[in-house]
Amino acid sequence: MSSSSARVDLDGNPINPLTICMIGAGGFIGSHLCEKLMTETQHTVLAVDVYNDKIKHLLEPDSLPWAGRIQFHRLNIKNDSRLEGLIKCSDLTVNLAAICTPADYNTRPLDTIYSNFIDALPVVKYCSENNKRLIHFSTCEVYGKTIGSFLPQDSPLRQDPAYYLLTEDTSPCIFGSIEKQRWSYACAKQLIERLIYAEGAENGLEFTIVRPFNWIGPRMDFIPGIDGPSEGVPRVLACFSNNLLRREPLKLVDGGESQRTFVYIKDAIEAVHLMIENPARANGHIFNVGNPNNEVTVRQLAEMMTKVYSKVSGEDSIETPTIDVSSKEFYGEGYDDSDKRIPDMTIINKQLGWDPKTSLWDLLESTLTYQHRTYAEAVKQSIAKPLAN
Ligand SMILES: NC(=O)c1ccc[n+]([C@@H]2O[C@H](COP(=O)([O-])OP(=O)(O)OC[C@H]3O[C@@H](n4cnc5c(N)ncnc54)[C@H](O)[C@@H]3O)[C@@H](O)[C@H]2O)c1
Ligand SMILES: O=c1ccn([C@@H]2O[C@H](COP(=O)(O)OP(=O)(O)O[C@H]3OC[C@](O)(CO)[C@H]3O)[C@@H](O)[C@H]2O)c(=O)[nH]1
């Protein structure tokens, strides 16, 4: 779609081109958000990250239709004095930068806490001091475990949505004990949310907080040994994709009984786009962004991915498609898990009229088609190499 000055917001007001400082623009969500802003709007993006592999296709060649509207700034926000200048010359800052892979939360808790709390502090401060709007990415993990998970297994109350539905302004945040270092991430995210909220209340910071519920799609994380470390453990979509590409059983942590709702990245990006262009409706709000209709256990996810991958690759599935592993074996000491995550969509629907559209089967079909096209050949070669030596 071509962008035009006639575009209007949800209240019929013309949308003026913005300059957006996007921190973490080189990651999974950032790459899709940059793509959306380049192809469908006239906004300019100052893309900040330490990596740019996932947005290279948007940065060059110079003949791209949006050339001049996206600039990459390779900087680490931990220690770079250029950050304040970039925030100052933007209308809006979107902060996506974080360590956000569960394998790191209990094994690198200090890096996790620094990344998700300490490193975000200057971003909040510069936005507040310079009267700049901030959209900050938090997580559904701030809810932790559901109230329902503490009820007896056979309690009929477990079926009552009041005991499991996660609502921005009423649900409690329930984390495990301190030695369960899994919660280092959720706790750091919760504290930065509280700080942003306090900056809004005391100093008038215009903010929106996003709580993503398992956004998945192409370019998520990495395939170990291909475009990431061989021993690295990415999030579940990439772990299972890697197993399917290598024709290995998918590993189900603690029986694969945890439940998740998965939303297609392209649906979720629509929601962020609406937040960017409708500040009067988005400011001061915390938004769940997920797809309550796409709930599965991790075991069901594994089964569905196996079927979809067979369809898109034309390969039969292996004889033993899944195996069970303990969380201690897979993630190490201090891992814990959220039992169930269903987002209440009332607030985002009321404020922005947003609803997710894509079914889990359809989103897996397009994502696994991408995974197969992008990685199958490289994985085959990496498997063949040691044999050839
Ligand atoms: N993908 C999801 O489903 C999901 C769910 C919950 C929360 N989130 C949150 O959304 C945000 C983006 O997630 P994502 O899935 O795109 O993750 P990602 O890891 O793909 O992207 C994060 C990006 O931030 C960059 N970054 C990290 N530290 C940096 C630093 N100090 N300086 C500069 N750049 C830095 C990384 O290089 C990376 O490119 C994170 O804050 C995450 O906690 C995502
Ligand atoms: O090979 C595997 C990998 C994972 N699991 C289990 O799948 C569940 C989901 O895991 P994952 O996608 O890695 O992450 P979480 O949903 O637990 O946490 C994320 O949610 C949002 C975010 O904040 C950022 O993305 C992050 O914290 C889980 O139960 C794993 O144990 C598996 O069985 N096999």
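All values below come from the heavy atoms of this structure, side chains included, with hydrogens, waters and symmetry mates left out. Both counts, for ligands and for their atoms, begin at 1 and track the order of listing. For this chain, numbers begin at 1 and follow the sequence in order.
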With side-chain contact (heavy atoms from CB on, under 4.5 Å) as the test, would you mind laying out the steps for Ser138 and Val210 before giving the verdict? CA-CA 6 Å; Ser138 180; Val210 187; over 6 Å; no
Take His372 and Tyr309, measure what ring pair (Phe, Tyr, Trp, His ring centres under 6.0 Å) needs, and give me the verdict at the end. CA-CA 8 Å; His372 182 66; Tyr309 190 73; 5.6 Å; yes
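Scanning all protein heavy atoms for the shortest distance to atom 20 (O) of ligand 1 gives Phe28 N, 2.8 Å. Scanning the protein heavy atoms around atom 9 (C) of ligand 1, the nearest turns out to be Ser138 O, 3.5 Å. Counting protein heavy atoms only, atom 41 (O) of ligand 1 is closest to Lys189 NZ, 2.9 Å. Nearest protein heavy-atom contact of atom 35 (C) of ligand 1 is Ala97 CB, 3.7 Å. Counting only heavy atoms of the protein, atom 18 (O) of ligand 2 lies nearest to Glu141 OE2, 2.8 Å. Of the protein's heavy atoms, Asn76 OD1, 2.8 Å lies nearest to atom 31 (N) of ligand 1. Here the protein heavy atom with the shortest distance to atom 39 (O) of ligand 1 is Asp49 OD2, 2.7 Å.
Of all atoms in ligand 2, listed by their number and element, those nearer than 4.0 Å to a heavy atom of Arg260 are 9 (C), 15 (P), 16 (O), 17 (O), 28 (C), 29 (O). Of all the atoms in ligand 2, the ones that sit under 4.0 Å from a non-hydrogen atom of Val253 are 5 (N), 31 (O), 32 (C), 33 (O), 34 (N). Numbered from 1 in the order shown, with element, the atoms of ligand 2 that lie under 4.0 Å from a heavy atom of Arg235 read 12 (O), 13 (O), 24 (C), 25 (O). Every atom of ligand 2 with a heavy atom of Leu252 under 4.0 Å away is listed here by number and element: 33 (O). Within ligand 2, the atoms closer than 4.0 Å to a non-hydrogen atom of Cys100 are 24 (C), 25 (O), 26 (C), numbered from 1 in the order shown. Within ligand 2, the atoms closer than 4.0 Å to a non-hydrogen atom of Lys251 are 1 (O), 2 (C), 32 (C), 33 (O), 34 (N), numbered from 1 in the order shown. In the vicinity of Thr139, heavy-atom distances shorter than 4.0 Å reach the ligand 2 atoms 21 (C), 22 (C), 23 (O). Ligand-side atoms of ligand 2 in range of Ser258: 29 (O), range being under 4.0 angstrom from any heavy atom.
The side chain of Phe240, and not its backbone, has at least one atom closer than 4.0 Å to an atom of ligand 2 (non-hydrogen atoms only; side chain from C-beta on). At a heavy-atom cutoff of 4.0 Å, ligand 1 is contacted by no atom of Arg211, backbone or side chain. Contact annotation: for Lys54 versus ligand 1, there are no heavy atoms closer than 4.0 Å. No part of Thr101 comes within 4.0 Å of ligand 2, judged by heavy-atom distances. In Arg182, the part holding a heavy atom less than 4.0 Å from any atom of ligand 2 is the side chain. Under 4.0 angstrom from ligand 2, the non-hydrogen atoms of Tyr335 all belong to its side chain. Counting heavy atoms closer than 4.0 Å to ligand 2, residue Val236 contributes atoms from both its backbone and its side chain. Both the backbone and the side chain of Ile29 come within 4.0 Å of ligand 1, counting heavy atoms alone. At a heavy-atom distance under 4.0 Å, no atom of Trp215 approaches ligand 2.
A donor-acceptor pair shorter than 3.5 Å cannot be found between the side chains of Ser155 and Arg158. Side chain to side chain, Asn288 and Asp344 fail the donor-acceptor criterion of an N or O pair below 3.5 Å. Using modelled atom types, one finds a donor on one side chain and an acceptor on the other under 3.5 Å when comparing Thr146 with Asp339. At a cut-off of 3.5 Å, with distance as the only test, a side-chain donor of Glu199 or Ser128 sits close to an acceptor on the other residue. If you check the side chains of Thr346 and Asn349, you find no donor sitting under 3.5 Å from an acceptor. Looking at Thr261 and Asn294, their side chains never bring a donor and an acceptor atom within 3.5 Å of each other. When only modelled atom types and interatomic distance are considered, Glu193 and His136 share no side-chain donor-acceptor pair under 3.5 Å.
Proximity annotation for atom 33 (C) of ligand 1: of Leu75, Leu33, Ile23, Leu75 comes nearest, heavy atoms only. Among Cys100, Ala268, Ala25, the residue whose heavy atom lies closest to atom 17 (O) of ligand 1 is Cys100. Among Val210, Ile77, Asp221, Val263, the residue whose heavy atom sits closest to atom 32 (N) of ligand 1 is Ile77. Comparing Tyr185, Phe137, Phe262 against atom 10 (O) of ligand 1, the shortest heavy-atom distance belongs to Phe137. The residue among Gly27, Gly30, Ala98 with a heavy atom at the shortest distance from atom 27 (C) of ligand 1 is Ala98.
Between Trp361 and Val308, some side-chain heavy-atom pair lies under the 4.5 Å cut-off.
When the options Phe137, Phe28, Tyr264 are evaluated for a ring pair (Phe, Tyr, Trp, His ring centres under 6.0 Å) with Trp215, the one that passes is Phe137.
Heavy-atom contacts from other residues, nucleotides or ligands closer than 6.0 Å to CD of Glu202 number 12 or fewer. For Tyr114, the OH atom is loosely surrounded, since the number of other residues' heavy atoms within 6.0 Å does not exceed 12.
Note: an N/O pair closer than 3.5 Å links Leu96 and ligand 1 by distance alone. Ligand 1 has no nitrogen or oxygen under 3.5 angstrom from a nitrogen or oxygen of Thr139.
A salt bridge does not link Glu257 with Arg299: none of the charged nitrogens is closer than 4.0 Å to a carboxylate oxygen.
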